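Okay, structure first, notes after.
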Amino acid sequence: MASRTRQITEKIRDLIAVDFTSGESGIDMQNTVQIGATIEPPYVPFACVSFSQAASEYGQSLGRYKITNTFEIYAFVGGADVEERTINAMDLVEDMIQALCADRQIGLSSIVDDIKCAFLAEDGDRYGIEGIGIGYIEVQVYSQSDTGI
């Protein structure tokens with residue numbers, strides 16, 4: 001069986017690699033999401049999911065740990081101008097967050113207790129990626145274990 005972190009990473013990818021054409025963004029993300037961060041997208045729309053860190057602390061019961069796994073999602077979209085790119089990125093990350101939070105255990109109830117998301121959307125011109133809107137989601141996944149991982 002795959003590690004807890006790998007299972008969560010793959011599940012996050014699977015939840016956002018879907019067709020959002022009936023959502024706010026109207027974007028189909030099927031076959032456009034990879035695991036692992038990239039600085040510049042190979043095409044748009046495109047998204048990547050990367051594992052950032054895991055932090056554990058003592059749980060409420062003896063011998064248990066509370067774990068917070070942090071993941072980052074970068075979503076890249078096009079648009080004619082700065083306003084359109086920013087709005088497109090905003091709409092896409094909101095669609096993704098709705099997909100992620102529809103089931104707060106993300107379909108992994110045996111290992112995930114809860115999920116929390118924070119996001120932002122900006123024009124890529126600020127970062128030297130011209131003509132692309134960038135959406136960013138920080139995903140925190142909470143769980144418990146006997147070992148701290």
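Note that the structure is a prediction, hence the values are computed from the model and not measured. Position 1 is the first residue of the sequence, and the numbers go up from there.
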- Item | Contact list for residues 19-53, test ring pair (Phe, Tyr, Trp, His ring centres under 6.0 Å), sequence neighbours left out | Tyr43-Phe46, Phe51-Phe71

- Task: Nearest 0.5 Å please: distance from the CD atom of Glu138 over to the OG atom of Ser52.
- Result: 7.0 Å

- Item | Minimum heavy-atom distance Met29-Pro45, with the two atoms named | SD-CB, 3.6 Å

- Could you tell me whether the side chains of Asp103 and Gln105 share a donor-acceptor contact shorter than 3.5 Å? no

- I would like to know whether Gln144 and Ile111 meet side chain to side chain contact (heavy atoms under 4.5 Å, CB included); could you show each step before the answer? CA-CA 7 Å; Gln144 296 183 49; Ile111 61 172; over 6 Å; no

- Where Asp125 and Gly131 come nearest, the two heavy atoms and their spacing: OD1-N, 3.0 Å

- Rounded to the nearest 0.5 angstrom, the CD1-CD distance for Ile16 and Gln98 is 14.0 Å

- Query: Will you find, in the side chains of Asp113 and Ser143, an N or O donor that is under 3.5 Å from an N or O acceptor?
  - Reply: no

- From Glu130 atom CD to Arg85 atom CZ, the distance as rounded to the nearest 0.5 Å: 9.0 Å

- Candidate pair Asp28 and Thr21, rule side chain to side chain donor-acceptor pair (under 3.5 Å), full reasoning: CA-CA 6 Å; Asp28 183 355; Thr21 54; over 6 Å; no

- After noting the C-alpha distance and the side-chain angles of Ile134 and Asp123, does the key distance pass the side chain to side chain contact (heavy atoms under 4.5 Å, CB included) rule? CA-CA 6 Å; Ile134 303 172; Asp123 183 55; over 6 Å; no

- Query: Between the side chains of Glu72 and Tyr136, is a donor N or O closer than 3.5 angstrom to an acceptor N or O?
  - Reply: yes

- Answer yes or no: is there a side-chain heavy-atom contact under 4.5 Å between Val77 and Ile132? no

- Could you walk me through whether Tyr127 and Glu122 pass side chain to side chain donor-acceptor pair (under 3.5 Å), step by step? CA-CA 9 Å; Tyr127 303 99; Glu122 297 187 285; 2.5 Å; yes

- Message: On a heavy-atom basis, which atom in Ala37 and which in Ser50 lie closest, and how many Å separate them?
- Response: N-CB, 3.9 Å

- Message: If I take atom OG from residue Ser110 and atom CZ from residue Arg4, how far apart are they, to the nearest 0.5 angstrom?
- Response: 8.5 Å

- Would you find a donor on one side and an acceptor on the other, under 3.5 Å apart, between the side chain of Asp114 and the backbone of Tyr142? no

- Rounded to the nearest 0.5 Å, the CG atom of Leu92 sits from the CE atom of Met90 at a distance of 11.5 Å

- Item | CD-OG1 distance between Glu84 and Thr86, expressed to the nearest 0.5 angstrom | 10.0 Å

